[in-house]
Each structure stands twice: as structure tokens, then as C-alpha cells.
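Working notes for the structure below.
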Number of protein chains: 2
Amino acid sequence: MTEPPGRRERKKAATRQKIADAALRLFLERGYDAVGIRDVAAEADVAVTTLFSHFASKEALVFEQDADFEQRLTRAVAERAPDEPLIPLLKREMHALVRHCSTEGAAPVYRMIDGSPALRQYEETMRLRHAEALASAIAADLGQAAATTACRAIARFVIDVHALAREAKDPQAAVDEIFEMIEAAWEAVPPPPRG
Amino acid sequence: MTEPPGRRERKKAATRQKIADAALRLFLERGYDAVGIRDVAAEADVAVTTLFSHFASKEALVFEQDADFEQRLTRAVAERAPDEPLIPLLKREMHALVRHCSTEGAAPVYRMIDGSPALRQYEETMRLRHAEALASAIAADLGQAAATTACRAIARFVIDVHALAREAKDPQAAVDEIFEMIEAAWEAVPPPPRG
DNA sequence: CAACGTAACACTAACCGTTAGGGTTTTGGA
DNA sequence: TCCAAAACCCTAACGGTTAGTGTTACGTTG
């Protein structure tokens with residue numbers, strides 16, 4: 001008793017996890033393209049419609065946790081201390097993100113993603129959404145009502161770092177290198193960026 | 001002149017054009033989602049399999065001409081005069097590209113694209129390919145064997161301009177603004193960018 | 001110029017992701 | 001206790017895409 005989440009929500013979360021686990025297992029075992037939605041549903045012992053009530057698409061099964069990891073960026077901006085400069089903060093978060101991708105058991109997953117055009121496409125679309133969210137967060141941080149072109153540009157550049165760094169020989173060094181460029185770009189914004 | 005290709009190739013090109021025309025007509029008439037591949041094939045009076053031998057996907061029908069317009073960027077870099085600075089050249093090409101999208105009868109098409117998630121996603125993926133090609137062209141232009149991280153970053157930033165400018169109130173001004181940032185980023189690249 | 005190889009196209013039938021429609025069980029609360 | 005909603009199941013279909021198998025028209029070569 002006294003469980004903040006009720007039994008219903010726990011069961012729902014369990015079902016979702018069961019599906020995600022089954023999917024990842026099958027994908028890594030036989031390859032993403034060789035596994036059908038019906039296979040995943042059968043392995044998780046749920047109906048296909050149930051699967052799609054938890055995940056919006058086949059690709060979403062792969063990016064289960066990754067999604068909220070990139071939300072860290074926008075949250076970090078929203079909650080930043082007033083004396084913390086914006087760009088170094090973003091750089092620090094991006095370092096953490098890239099490190100998370102390189103280490104852990106994440107390697108096979110990213111090899112799978114790189115091997116499937118559908119997954120690459122989905123990943124990029126997801127990043128676009130994150131870039132928009134980040135642009136709004138930056139704009140709000142600067143006291144702007146809506147994201148200006150400069151904000152949106154910087155947000156895109158920052159999000160691009162993830163993809164660029166992942167494909168570099170030394171990802172961490174790549175993050176530093178690209179942020180040198182971003183810092184310069186940010187300081188070149190015509191209207192004063194630090195109002 | 002310009003008729004070295006035999007009858008067979010002309011017929012093939014005609015078929016391709018017939019399909020593209022039929023598709024665009026139906027899409028603008030009834031909306032992209034409301035028109036099926038089978039409708040397009042019927043309207044063009046070809047088999048569905050024939051349609052897919054000319055176009056890789058339903059989305060590709062929409063971006064028929066747009067694809068090679070962005071190729072202009074890489075070609076401009078490859079053929080640039082030795083005294084022409086790189087970034088202003090890219091800026092000029094980007095201006096032309098954005099102008100082309102704003103004017104002409106392109107407005108309804110872009111409204112259609114903005115209205116369909118599938119088309120937006122396809123467009124972004126197409127841009128990624130262009131960014132890779134542009135990165136290679138820039139690297140070659142600098143005498144590098146393969147595209148470095150800085151080259152790939154600049155290429156992405158440049159390609160991003162298209163999407164950012166299209167959604168700005170004043171697209172041409174947005175191009176100028178973002179290129180201010182890109183110029184600064186380019187000059188901040190650690191190893192000397194201009195040999 | 002006659003015959004052959006092949007490129008372009010057609011037809012059918014299916015695969016696969018995704019959704020609609022309609023029903024059953026489980027859960028939380030009145 | 002009983003109800004409304006949530007979560008789930010099943011079936012059937014839709015729409016993009018592809019495989020398999022022919023058929024026709026072109027270009028080439030003996």
C-alpha cells in the first residue's frame with residue numbers, strides 16, 4: 001500500500017519494459033530488419049495493438065531510453081545558475097551525452113543503428129525535435145518570447161555535435177573542437193547575446 | 001543537338017516525367033496523404049512496379065528536381081576559383097537556393113511538404129546526404145584526404161541554413177545572419193583553415 | 001536484315017508497419 | 001457492491017514496397 005504509483009501504472013510500466021526488452025533482444029540477436037513487429041509482440045506475449053499503444057513506431061522501440069537523455073540538454077538550460085555561461089554548460093552536457101554513447105553496453109546498439117537507414121532517419125528526426133526544444137529553452141533563458149533565428153541556429157549546431165562526434169575517431173576531442181566553433185558563432189550573433 | 005541518347009532513353013525519360021507530373025498534379029489537387037501510389041500509377045498509366053523503378057519511394061516523387069538543386073553547393077565548391085573565399089561562396093549559393101524556394105510556383109509545394117511529417121523527414125534525410133557530400137567537397141578543396149570533423153561541422157551548419165531560413169520571417173536576412181555565425185565558426189577552427 | 005540479348009514495362013501476389021473497429025478483463029474509486 | 005475507465009486482445013484491413021514471372025520494344029551484332 002502507500003505506493004505512489006498504483007498497481008495499474010506499475011503493470012503498465014512492466015508491460016512496456018517487457019516489450020522494450022523483447023525488442024532489443026531480438027533486434028541484437030537477428031538484426032533489426034530481420035525482426036518483424038509481429039515477432040516482437042509474440043516474444044513479449046502481447047498483441048500488436050498493445051505494442052503500438054506503448055510505442056509509436058518500430059523505430060521508437062530502439063530509442064526507448066535515448067529520448068530522455070537528450071532532454072537533459074533543455075533541462076540543463078532551463079535550470080542553469082545565473083552565473084553559469086550558456087555555451088560551456090551545453091558543452092559539459094554534450095560531453096556527458098557522448099560519453100554515455102561510447103561506453104556502457106551501448107556499442108552494439110549504435111552499430112545496429114548505423115546499419116539501418118530507417119533507424120538513422122528516425123534518430124535524425126528525433127534530434128530535430130530536440131533542437132527545437134533546445135532553441136525554445138535558450139530563447140526563454142534569454143528572456144525572448146519566441147526563438148529567434150540565432151537561437152535556433154545555435155540549437156541546431158549543438159545538436160549536430162552528437163552525430164558528428166559519434167563518427168569521429170576521438171569523440172570527446174571532437175566535442176571540444178566543434179564547441180570552439182560554436183562559441184565563436186555564438187559571440188558573432190549581431191544583437192547582444194547576453195542582453 | 002542534345003539528342004545523342006537513343007529512342008529508348010528518351011522514352012524512359014518521358015515515362016519518368018509523366019510519372020512525376022501525374023504525382024505532383026494529384027498531390028496538389030487532393031493532398032499528399034490522400035493520394036496513394038496506386039492512384040499515381042493509374043494516373044500516369046504505368047504499373048506500380050514501373051513507378052518504383054523510377055523513384056525509390058513515394059516521397060522521392062515530390063523532391064524530383066529539388067535534389068540536384070542542392071548539388072549546386074558541392075559543385076560550386078569543387079569548381080571555385082582559387083581567389084574566391086569559401087564561406088562567401090557558400091553564402092551566395094545558399095541565397096540563390098533560398099530565393100528559389102521562396103519565389104516561383106514553389107510555394108504550394110513547400111506548403112505541402114510542411115504539412116506532411118513523412119515529407120519533412122525525407123527532406124531532412126536528403127539534406128544529411130548533401131551535408132556529407134559538401135563536407136567531402138570542402139575537404140578536397142582544402143587538400144585533405146578525408147573530411148575532418150571541422151569540415152563536416154561546417155558542412156552541417158551550412159546545410160542547416162536552408163531549413164532555418166525557410167521558416168524565418170525574412171528568409172534572405174536569416175541567411176545573412178546565420179552566415180555571420182558560420183564565418184566566425186570557420187575562423188575559429190584550430191588548425192589553420194586557409195592552408 | 002535477321003536474330004539475339006537486354007532494358008523497360010506489366011501483372012499478380014504478397015510482405016510489413018500501422019490503424020480501425022469492436023470486444024473482454026482488470027483496476028480504482030463511488 | 002457496482003461502475004467507468006484503462007489496459008488489453010483479436011481480426012481485418014490499408015498503403016507503401018518488393019519478389020517473381022512474363023512480355024514487348026529497342027539496339028546491336030553476325
Side-chain angles (χ1 to χ4, degrees), chain A residues 1-20 22-24 26-27 30-64 112 116-123 125-126, chain B residues 3-24 26-27 30-64 112 116-123 125:
Chain A
M1 335 306 148
T2 71
E3 300 271 317
R7 184 175 306 136
R8 184 178 261 169
E9 298 186 34
R10 266 181 290 127
K11 282 203 174 184
K12 180 171 182 175
T15 299
R16 181 191 167 89
Q17 197 57 45
K18 191 169 57 170
I19 295 171
L24 201 58
L26 290 185
F27 288 161
R30 311 183 204 161
Y32 181 77
D33 291 326
V35 176
I37 283 289
R38 291 159 178 89
D39 298 330
V40 176
E43 178 82 4
D45 198 29
V46 296
V48 171
T49 46
T50 300
L51 187 154
F52 276 109
S53 80
H54 285 275
F55 298 92
S57 66
K58 184 186 180 185
E59 293 89 38
L61 288 165
V62 172
F63 293 96
E64 216 238 323
M112 176 175 78
S116 161
L119 288 176
R120 287 184 77 98
Q121 186 161 352
Y122 182 90
E123 190 185 19
T125 300
M126 195 175 71
Chain B
E3 291 294 85
R7 185 173 305 137
R8 185 179 259 167
E9 296 186 35
R10 265 181 290 129
K11 282 201 174 184
K12 179 171 184 177
T15 299
R16 181 191 167 89
Q17 196 58 43
K18 192 170 57 171
I19 295 171
D21 290 348
L24 202 58
L26 291 185
F27 288 161
R30 310 184 203 162
Y32 180 77
D33 291 325
V35 177
I37 281 290
R38 290 159 178 90
D39 298 329
V40 176
E43 178 82 3
D45 198 31
V46 296
V48 171
T49 46
T50 299
L51 187 154
F52 277 109
S53 79
H54 285 275
F55 299 91
S57 66
K58 185 186 181 186
E59 293 89 37
L61 287 166
V62 173
F63 294 96
E64 214 238 323
M112 176 175 79
S116 162
L119 288 177
R120 288 183 78 98
Q121 188 161 351
Y122 182 90
E123 190 185 18
T125 301

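Chain A is the first sequence line, chain B the second, and so forth, proteins listed ahead of strands; every chain is numbered from 1.
In this model, a side-chain donor or acceptor of Arg38(B) finds a partner on the base of dG16(D) within 3.5 Å.
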Contact letters for nucleotides 3-11 of chain D, in which S counts primed atoms plus P, OP1 and OP2 and B counts the base, heavy atoms under 4.0 Å: --BSSSBBB
Side chain to side chain contact (heavy atoms under 4.5 Å, CB included) assessment of Val62(A) paired with Tyr122(A): CA-CA 10 Å; Val62(A) 172; Tyr122(A) 182 90; over 6 Å; no
Derivation of the side chain to side chain contact (heavy atoms under 4.5 Å, CB included) call for Leu51(B) and Ile37(B): CA-CA 8 Å; Leu51(B) 187 154; Ile37(B) 281 290; 4.1 Å; yes
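Closest of all the heavy-atom pairs between Ala22(A) and Glu43(A) is CB-CG, 3.6 Å. Heavy-atom minimum distance, Ala34(B) versus Asp39(B): O-OD2, 4.2 Å.
Lys58(A) forms a cation-pi arrangement with Tyr32(A), by the criterion of a distance under 6.0 Å to the ring centre and an angle within 45° of the ring axis.
For Glu59(B) and dG15(D), the CD to C1' distance is 12 Å, given to the nearest whole Å. Atom pair Leu119(B):CG and dG16(D):C1' shows a separation of 14 Å (rounding to whole Å applied). Between the C1' atom of dG16(D) and the CG atom of Asp39(B) lies a distance of 12 Å, rounded to the nearest Å. In this structure, Asp33(B) atom CG and dG15(D) atom P are separated by 11 Å, rounded to whole Å.
Panel note: side chain Ser116(A), backbone Met112(A); no donor-acceptor pair is recorded below 3.5 Å. In terms of modelled atom types and a separation under 3.5 Å, the side chain of Arg30(A) and the main chain of Val35(A) share no donor-acceptor contact. Side-chain atoms of Thr15(A) come within 3.5 Å of backbone N or O of Lys11(A) as a donor-acceptor pair.
Here Val35(A) lies in heavy-atom contact (under 4.0 Å) with sugar-phosphate atoms only.
Taking a heavy-atom distance under 4.0 Å as the criterion, the stretch of DNA chain C touched by chain A extends 5' to 3' from dC16(C) to dG28(C).
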